[in-house]
There are 2 protein chains.
Amino acid sequence: MSSTTKALSLLTHFSASQPEIGLSQLCRMAGRDKATTYRHLQALETAGFVEQNPATKHYRLGPALMQLAQLREATVPRKDGAKPVLSALADATGETAHVTVLSGQTLYGLCACEAPHNSIRAVIDINTFPLHATASGLCAVAFGPQDLFDVAVASLSGFTAATPTTQTDLAALVSSIRDTGFGRANQTYEAEIQSLSAPVFDHSGHLAGAVAVASVATRFTPDLEQLIKSELVTAARNITRNWGGTIPPGIEAAWARSLTHSNALERTS
Amino acid sequence: MSSTTKALSLLTHFSASQPEIGLSQLCRMAGRDKATTYRHLQALETAGFVEQNPATKHYRLGPALMQLAQLREATVPRKDGAKPVLSALADATGETAHVTVLSGQTLYGLCACEAPHNSIRAVIDINTFPLHATASGLCAVAFGPQDLFDVAVASLSGFTAATPTTQTDLAALVSSIRDTGFGRANQTYEAEIQSLSAPVFDHSGHLAGAVAVASVATRFTPDLEQLIKSELVTAARNITRNWGGTIPPGIEAAWARSLTHSNALERTS
DNA sequence: AACGTCGGTTCATTATGTGAACCAGATAGC
DNA sequence: GCTATCTGGTTCACATAATGAACCGACGTT
């Protein structure tokens with residue numbers, strides 16, 4: 001581990017709950033020597049990555065980060081931040097993956113990626129996703145702004161026999177999605193297509209959209225579901241990260257629960 | 001110079017005009033060995049500060065910056081407090097406005113705003129502002145901590161024919177700025193760019209940064225100067241208030257003097 | 001095929017990072 | 001007016017980790 005890596009890892013200890021950290025405290029957190037930590041902080045300070053609160057001598061993140069982030073945003077817009085993650089997801093699952101973004105009360109498709117090695121595969125060619133009938137849409141309703149539920153209720157068009165068309169049906173779906181952390185849609189929009197999704201978040205901590213995998217229903221075994229879910233988690237984390245956000249702890253906990261739960265089921269079966 | 005500092009200084013070479021840089025090119029820019037630069041980039045990459053464009057193998061700023069910048073702004077909300085004021089300033093003056101923040105002995109650009117209605121306008125694409133050659137920098141030297149003067153003297157690089165390069169030149173500029181309450185730089189950093197600035201203060205009563213307007217020199221009439229100065233005063237007051245500070249009485253007095261003085265001059269002319 | 005790039009790698013040399021011990025200043029208990 | 005224990009910051013002998021010339025294979029031109 002290079003000394004630069006060690007120095008930069010100090011930055012990970014800053015958080016919303018602890019935005020300013022004293023030298024001794026940071027030593028303890030990082031498990032490193034005080035002199036070393038001090039020199040690392042000095043290097044970070046000369047680069048503008050941290051600064052000292054002149055009153056308390058505690059360290060906090062510095063102003064250089066603002067410009068660099070601005071430049072990063074200009075260099076790599078959202079679509080570019082999702083694309084590579086998406087193709088990795090499609091590759092790992094062997095199914096079609098796509099990303100949606102929530103803008104106002106509408107969920108737009110941003111980018112889709114088809115896995116090459118299945119001859120029969122889901123094709124995503126809708127540009128606005130119905131909230132009540134797609135895995136991404138349900139994810140948005142479950143983890144997005146509250147008014148989205150009413151918007152979804154306002155247009156409960158039935159696409160297939162499985163489409164939820166009553167407010168109670170929808171509420172039941174949403175609540176189970178809140179429990180598991182995964183959106184789910186079993187042939188509710190198109191017959192033979194079963195989808196799973198996970199929410200992604202932006203810098204403000206609000207839902208920014210969803211990442212989803214659409215599979216052909218006949219192929220959708222418990223094993224595949226398990227694989228897709230675990231891949232969705234890393235994809236959601238990566239896209240969220242690329243967009244400058246963080247996954248809320250509640251979502252991470254729900255994922256952890258449903259993944260270990262599925263594992264347990266899988267083992268007993 | 002620590003190796004961490006060297007590694008971090010690589011990041012300063014990224015700019016809006018050159019957001020992606022190849023290894024060899026970055027070596028030349030940084031004036032360092034290729035192997036060294038490569039290792040530095042690797043360290044930065046593991047920390048998420050840079051990433052490689054998979055297509056070109058060129059390096060660009062990484063996603064970790066987004067999160068850290070978000071946290072920085074949550075800790076020290078500067079951009080939110082400056083942005084609306086800045087756009088009002090740019091709008092009122094018709095010129096490019098920007099805000100800088102002082103951290104330690106370095107003046108960082110925080111945010112810039114270009115007025116839409118002039119086709120020729122100044123573009124701010126620097127991340128650390130030279131103390132001796134910019135209106136903001138001189139403002140910092142004049143109203144910031146005393147040691148800043150020595151720091152400025154220590155690096156009196158000449159950018160244009162008008163750049164002050166001796167300690168006495170600098171002292172004269174600083175003293176006139178202390179009299180008027182406005183930083184001023186007439187083509188001292190870039191030819192054809194003339195700037196005016198005003199200091200901004202934080203809750204502790206110390207200088208926190210500067211707000212400035214950069215104009216094209218050929219457009220810079222006494223009338224425009226008068227307008228910019230009076231708009232700068234309200235902008236500096238507003239940003240200072242948003243940052244939880246107050247303008248020291250001495251500065252307010254200097255502003256009052258130079259505004260009425262300019263008015264008087266204008267009237268007699 | 002010869003040449004110039006490019007991104008990336010190797011290895012002997014040595015500069016640089018390391019941490020126990022130390023210092024000065026605050027704060028607290030008595 | 002003590003000692004005790006924090007804090008941020010500094011010193012110095014020592015060993016680890018940074019360094020850069022030379023090298024590699026790949027790609028593109030000439």
Side-chain angles (χ1 to χ4, degrees), chain A residues 1-15 17-62 75-76 80 84, chain B residues 1-15 17-62 75-76 102-106 145-147 150-151 204 206:
Chain A
M1 190 187 232
S2 73
S3 76
T4 302
T5 306
K6 289 182 227 163
L8 290 177
S9 75
L10 289 178
L11 295 174
T12 64
H13 295 99
F14 294 91
S15 66
S17 55
Q18 193 152 36
E20 302 201 350
I21 309 179
L23 172 59
S24 301
Q25 197 180 350
L26 192 51
C27 292
R28 285 190 294 271
M29 287 193 238
R32 242 179 286 284
D33 186 81
K34 191 166 45 159
T36 301
T37 305
Y38 179 67
R39 280 187 300 266
H40 286 168
L41 282 169
Q42 291 233 317
L44 292 172
E45 190 171 23
T46 65
F49 280 65
V50 301
E51 67 180 10
Q52 267 186 300
N53 183 331
T56 62
K57 296 271 190 181
H58 286 193
Y59 294 87
R60 63 186 178 207
L61 296 177
T75 310
V76 185
D80 294 349
Chain B
M1 193 188 230
S2 73
S3 77
T4 302
T5 305
K6 287 182 226 163
L8 290 178
S9 74
L10 290 178
L11 296 174
T12 64
H13 295 99
F14 294 91
S15 67
S17 51
Q18 192 152 35
E20 302 201 350
I21 310 179
L23 173 59
S24 301
Q25 196 178 352
L26 192 51
C27 291
R28 285 191 294 271
M29 287 194 239
R32 239 178 288 285
D33 185 82
K34 192 166 44 159
T36 302
T37 305
Y38 179 66
R39 280 187 300 266
H40 286 167
L41 283 170
Q42 290 232 318
L44 292 173
E45 191 171 21
T46 66
F49 281 68
V50 301
E51 67 181 10
Q52 265 188 300
N53 183 332
T56 62
K57 296 269 189 182
H58 286 194
Y59 293 87
R60 63 185 177 209
L61 296 178
T75 310
V76 187
L102 181 70
S103 178
Q105 302 180 329
T106 314
Q146 293 86 340
D147 56 1
D150 302 321
V151 177
S204 68
H206 296 121

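Quick caveat, the model's predicted, so the values are computed rather than measured. Quick note on labels: first sequence line is chain A, next is B, and so on, each numbered from 1.
In this structure, B:Leu11 and B:Leu61 approach most closely via the heavy-atom pair CD2-CD2, 3.8 Å. Closest approach of B:Leu102 and B:Gln105 over heavy atoms only: CD1-C, 4.3 Å. A pairwise comparison of heavy atoms in B:Arg32 and B:Ser9 identifies NH2-OG, 3.6 Å as the closest pair. Here the closest heavy-atom approach between residue A:Phe14 and residue A:Arg60 is recorded as CE2-CA, 3.7 Å. Counting all heavy atoms, side chain and backbone alike, A:Ser3 lies closest to A:His40 at O-NE2, 3.8 Å. Nearest heavy atoms, A:Leu44 versus A:Ala7: CD1-O, 3.5 Å.
Within the helix from C:dA1-D:dT30 to C:dC30-D:dG1, the inter-axis angle between the opening and closing five-pair segments is 40°, rounded to 10°.
Only B:Asp33, B:Ala35, B:Thr36, listed by number, bring a heavy atom of residues 22-37 of chain B to less than 4.0 angstrom from any atom of DNA chain D. Annotation: proximity of residues 45-53 of chain A to DNA chain D (heavy atom, distance under 4.0 Å) is found for A:Gln52, numbered in ascending order.
Each of A:Lys6 and A:Tyr38 was matched to the nucleotide of DNA chain D holding its nearest heavy atom; the match closer to the 5' end belongs to A:Tyr38. Positionally, the nearest nucleotide of DNA chain D for A:His58 lies more toward the 5' end than for the other of A:His58 and A:Thr4.
Separating the NZ atom of B:Lys57 from the C1' atom of C:dG8 is a distance of 9 Å, rounded to the nearest angstrom. In this structure, the CG atom of A:Leu41 is 16 Å from the C1' atom of C:dG19, given to the nearest Å. C:dC6 atom C1' lies 16 Å from atom CD1 of B:Ile21, rounded to whole Å. Computed from coordinates, the B:Arg39 CZ to C:dA15 P distance equals 16 Å when rounded to whole Å.
Judged purely by atom type and a 3.5 angstrom limit, B:Ser2 uses its side chain to pair as donor or acceptor with the backbone of B:Thr5. Without hydrogens or angle criteria, A:Gln52 side chain to A:Lys57 main chain gives a donor-acceptor distance under 3.5 Å.
Side-chain N/O atoms of A:His40 include none lying less than 4.0 angstrom from OP1 or OP2 on C:dG17. Remark: A:Tyr59 is not in phosphate contact with D:dT7, judged by side-chain N or O atoms under 4.0 Å from OP1 or OP2. Remark: B:Ser3 is not in phosphate contact with D:dT19, judged by side-chain N or O atoms under 4.0 Å from OP1 or OP2.
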Self-check item: From CA spacing to verdict: ring pair (Phe, Tyr, Trp, His ring centres under 6.0 Å), B:Phe49, A:Phe49
Solution: CA-CA 11 Å; B:Phe49 281 68; A:Phe49 280 65; 5.3 Å; yes
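Here CG of A:Leu41 is found 11.0 Å from OG1 of A:Thr46. Values are rounded to the nearest 0.5 Å.
Within 6.0 Å of the NE2 atom in A:His13, the count of heavy atoms belonging to other residues, nucleotides or ligands exceeds 12.
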